[in-house]
Amino acid sequence: MIRDQIKTALVAAMKGGDKAGTAAIRLIQSAIKNRDIELRGNANPPEDDVLVTEVLQKMIKQRRESITMYEAGGRAELAAAEQAEVAVIEGFLPQQMSEDETKAAIDAIVTETGATSPKDMGRVMAALKDRHAGQLDMSKASGLVKARLS
């Protein structure tokens with residue numbers, strides 16, 4: 001489980017004196033805990049690794065947006081700090097699908113659902129998320145689906 005890997009990495013970072021890594025891993029744990037609290041009482045919470053993967057992907061997206069803004073504002077040192085956090089977070093994500101694999105999965109779902117126009121994008125994205133949620137970046141997949149259906 002990804003949670004166990006995170007706990008083990010935190011202990012290793014603390015023992016190794018890696019302050020930046022320790023801080024990033026603590027941020028990850030905090031975000032996961034917040035998500036757990038949000039889902040309390042939910043009748044059917046997602047599988048644990050799916051939940052953790054969603055949290056990690058959201059954190060990466062936030063940091064990439066921050067990096068873009070810092071670079072635009074001329075704050076290279078802050079952008080570098082965010083990039084270091086992205087590297088730590090990405091270390092816990094499962095292996096991501098390549099662009100070719102993503103296109104193949106999209107083609108299979110488009111064929112299966114009979115999608116023909118951008119109006120069908122919601123159905124294709126829902127099926128893609130159900131089958132490959134932890135394996136691909138949904139924002140990149142969205143662009144590929146849009147291009148495929150156009």
Side-chain angles (χ1 to χ4, degrees), residues 1-110 112-113 121-148:
M1 286 182 38
I2 299 173
R3 282 185 201 252
D4 297 333
Q5 294 172 355
I6 292 169
K7 288 177 187 174
T8 304
L10 177 62
V11 171
M14 289 170 61
K15 285 183 179 179
D18 181 8
K19 291 185 182 198
T22 301
I25 295 170
R26 283 188 173 148
L27 284 172
I28 292 168
Q29 286 185 320
S30 175
I32 293 169
K33 182 70 171 170
N34 287 340
R35 184 74 169 128
D36 288 341
I37 291 169
E38 287 175 18
L39 293 175
R40 277 189 192 156
N42 193 344
N44 52 352
E47 184 181 322
D48 191 57
D49 278 354
V50 172
L51 175 119
V52 173
T53 302
E54 287 174 359
V55 170
L56 294 176
Q57 287 176 334
K58 183 177 179 181
M59 290 178 74
I60 288 173
K61 181 181 178 191
Q62 290 169 338
R63 275 145 188 83
R64 287 195 173 135
E65 289 170 358
S66 296
I67 289 169
T68 304
M69 291 189 319
Y70 287 144
E71 288 174 346
R75 301 295 307 263
E77 70 283 356
L78 293 176
E82 292 287 323
Q83 187 61 45
E85 284 185 15
V86 167
V88 171
I89 296 167
E90 284 178 336
F92 297 111
L93 281 174
Q95 181 64 38
Q96 299 292 298
M97 293 173 71
S98 70
E99 189 169 335
D100 292 336
E101 292 170 331
T102 303
K103 286 180 180 178
I106 290 169
D107 288 340
I109 291 171
V110 165
E112 182 181 307
T113 60
M121 188 168 168
R123 283 190 301 156
V124 174
M125 288 301 295
L128 196 61
K129 186 173 183 180
D130 285 345
R131 295 182 195 166
H132 306 288
Q135 299 171 324
L136 54 92
D137 181 358
M138 295 308 287
S139 61
K140 289 180 184 174
S142 175
L144 293 172
V145 169
K146 194 174 206 175
R148 170 69 168 79

Exercise for the section: Taking only Lys NZ, Arg NE, NH1 and NH2, and the carboxylate oxygens of Asp or Glu, determine whether Glu112 and Arg131 approach each other closer than 4.0 Å. Expected result: yes
Problem - Partners meeting salt bridge (charged side-chain N to carboxylate O under 4.0 Å, His left out) with Arg75 (sequence neighbours left out) - result: Glu77
Exercise for the section: Only counting residues at least two apart or in another chain, list the ones meeting side chain to side chain contact (heavy atoms under 4.5 Å, CB included) with Asp107. Expected result: Arg148
Completion exercise
The side chain to side chain contact (heavy atoms under 4.5 Å, CB included) partners of Asp18 (sequence neighbours excluded) come to Ala13, Ala20
Handout entry: By side chain to side chain contact (heavy atoms under 4.5 Å, CB included) - contacts of Lys103 (at least two apart)
Key = Glu99, Leu144
Fill in the blank from the handout: All heavy atoms of Ala141 vs all of Ile106, minimum pair found to be O-CD1, 4.0 Å
Exercise for the section: Verify, without hydrogens or angle tests, whether Asp48 (side chain) and Met1 (backbone) share a donor-acceptor contact under 3.5 angstrom. Expected result: no
Exercise for the section: Measure across Met97 and Ala105 and return the closest heavy-atom pair with its distance rounded to 0.1 Å. Expected result: CE-CB, 3.9 Å
Handout entry: Whether Glu101 side chain and Ser98 backbone form a donor-acceptor pair below 3.5 Å
Key = yes
Practice task
Using a strict 4.0 Å threshold on nitrogen-to-oxygen distance, state whether Glu90 and Arg64 make a salt bridge.
Solution key: yes
Problem - Nearest heavy-atom neighbours spanning Phe92 and Gln5 - result: CE2-O, 3.7 Å
Handout entry: Heavy-atom closest pair, residues Arg123 and Thr113
Key = NH1-O, 3.4 Å
Practice task
Could you pull out all residues at least two apart from Ala31 that satisfy side chain to side chain contact (heavy atoms under 4.5 Å, CB included)?
Solution key: Val55, Met59
Exercise for the section: Sorted by first residue and then second, give each salt bridge (Lys or Arg N to Asp or Glu O under 4.0 Å) pair with at least one member in residues 23-35; sequence neighbours left out. Expected result: Arg35-Glu38, Arg35-Glu54
